[in-house]
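Right, one structure below, let's go through it.
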Amino acid sequence: MDKKLPTIEIIEKYCKGCHICVEFCPTKVLEMKGFVASVKNLEACIKCMQCELRCPDFAIKVTA
Amino acid sequence: MAFDYDKYIRPGKLPHIWCPGCGHGIVMKGLIRAIDTLGLEKNNTAIVSGIGCASRLPGYLDFCTLHTAHGRAAAFATGVKMARPEMNVICVGGDGDGTAIGGNHFIHACRRNINMTYIVMNNNIYGMTGGQFSPCTPTGAKASTTPYGNPDPAFDVAKLAIGAGATFVARGTAYHATQIDKLIVEAVQHKGFSVVEILDDCPTTYGRRNKFKSVIEMMNRLKDIAVPVKAAEKMTPEQLQGKIITGVLFKEERPEYTAEYAKVIERAKGGK
């Protein structure tokens, strides 16, 4: 089945590397790359928007 | 669809000054979503703060904002509301700013029942000035000024507000992000003084001194200790030991201050 993937935009300038998005993503889509978050496994994304909702730094934008 | 926060943020102000993992950013997002839900006009909304980490919040928001003296947010906000009663006034501040230095203003704003919303971001510490203990620091917790543990019992901000006469009191946490905007929406819609206490985390000055290994551990603690009002009703006092009750804790209707004051003006003018 062809699934339309969301786009997860991470604004690296804003990210402070607090790990909140990585930890609270229920399907482990995100990982830390150095000091900033990055997308590891976009296929697993269920568009729950938890990362965007919890990011304290306005650094994540999920467009489904 | 991503929520467009940029619409309400002053251009070029981000990234904000808060530390990695600080919950204030989550609260700010909740406030923005609440304002969007309510459809408040930018020119008709005043956001007032005192001094502190949490009080930096209005600087980022594109509304009528007022950054005032330490603890005096409620006093300045009262002035704004009295001069322009049609304005939506929202105060934001931390636990030290609201309950210690501004404690007097806070309780008297509660007593007057003036139509505004006060958001207390309770992170249990004075973060900006280097981690001194605040009235909301739990007993036994370590701060830079209580290195052997804090002997003082902590204020319960919600109980303080109820006792002082606030007519709407709610409590949420930075972990329960979707609840924040719901509580703020209800608080702003309430006619009278509404207090929303949001339990927050301060990983830099509180967490590090109190054996929290990470931001995640602090967030999970908030998740573990929070009990919704309805669930708490069925629990015994022993079960509620160490827990905090979240949700709308108190709501009543009482004459509002600006409306009552308008009547005073009418009487002074010779009307009845």
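Lettering of chains follows the sequences in order, A, B, ..., and the numbering in each one begins at 1.
Contact annotation for B:D4: neither backbone nor side-chain heavy atoms come within less than 4.5 Å of a heavy atom of chain A. Of the atoms belonging to B:I32, it is side-chain heavy atoms, and not backbone ones, that fall under 4.5 Å from chain A. No part of A:C15 comes within reach of chain B, as not one of its non-hydrogen atoms sits under 4.5 angstrom from that chain. When heavy atoms are compared at a cutoff of 4.5 Å, B:S214 does not approach chain A at all.
Residue with the most contacts toward chain A among B:L14, B:N220, B:V215, B:D6: B:L14 (heavy-atom pairs, distance under 4.5 Å). Taking B:C19, B:G25, B:G23 one by one and counting their heavy-atom pairs under 4.5 Å with chain A, the maximum is reached by B:G25. Interface summary for chain B: among A:K61, A:E52, A:H19, the most heavy-atom pairs under 4.5 angstrom belong to A:E52.
Shown here for B:M219 and B:D201, the closest heavy-atom pair between the two residues is CE-OD1, 3.6 Å. The two atoms that bring B:V227 and B:A231 nearest to each other are CG1-CB, 4.0 Å, heavy atoms only. Scanning both residues, B:K211 and B:E217, for their nearest heavy atoms gives O-OE2, 3.7 Å. Looking at every heavy atom in both residues, B:I26 comes nearest to A:L53 through CG2-O, 4.5 Å.
Taking the six-membered ring where tryptophan is involved, the planes of B:F106 and B:Y118 are perpendicular, since the angle between them exceeds 60° and thus also 30°.
A cation-pi arrangement is present between A:R54 and B:Y175 under the rule of less than 6.0 angstrom and at most 45 degrees off the ring axis.
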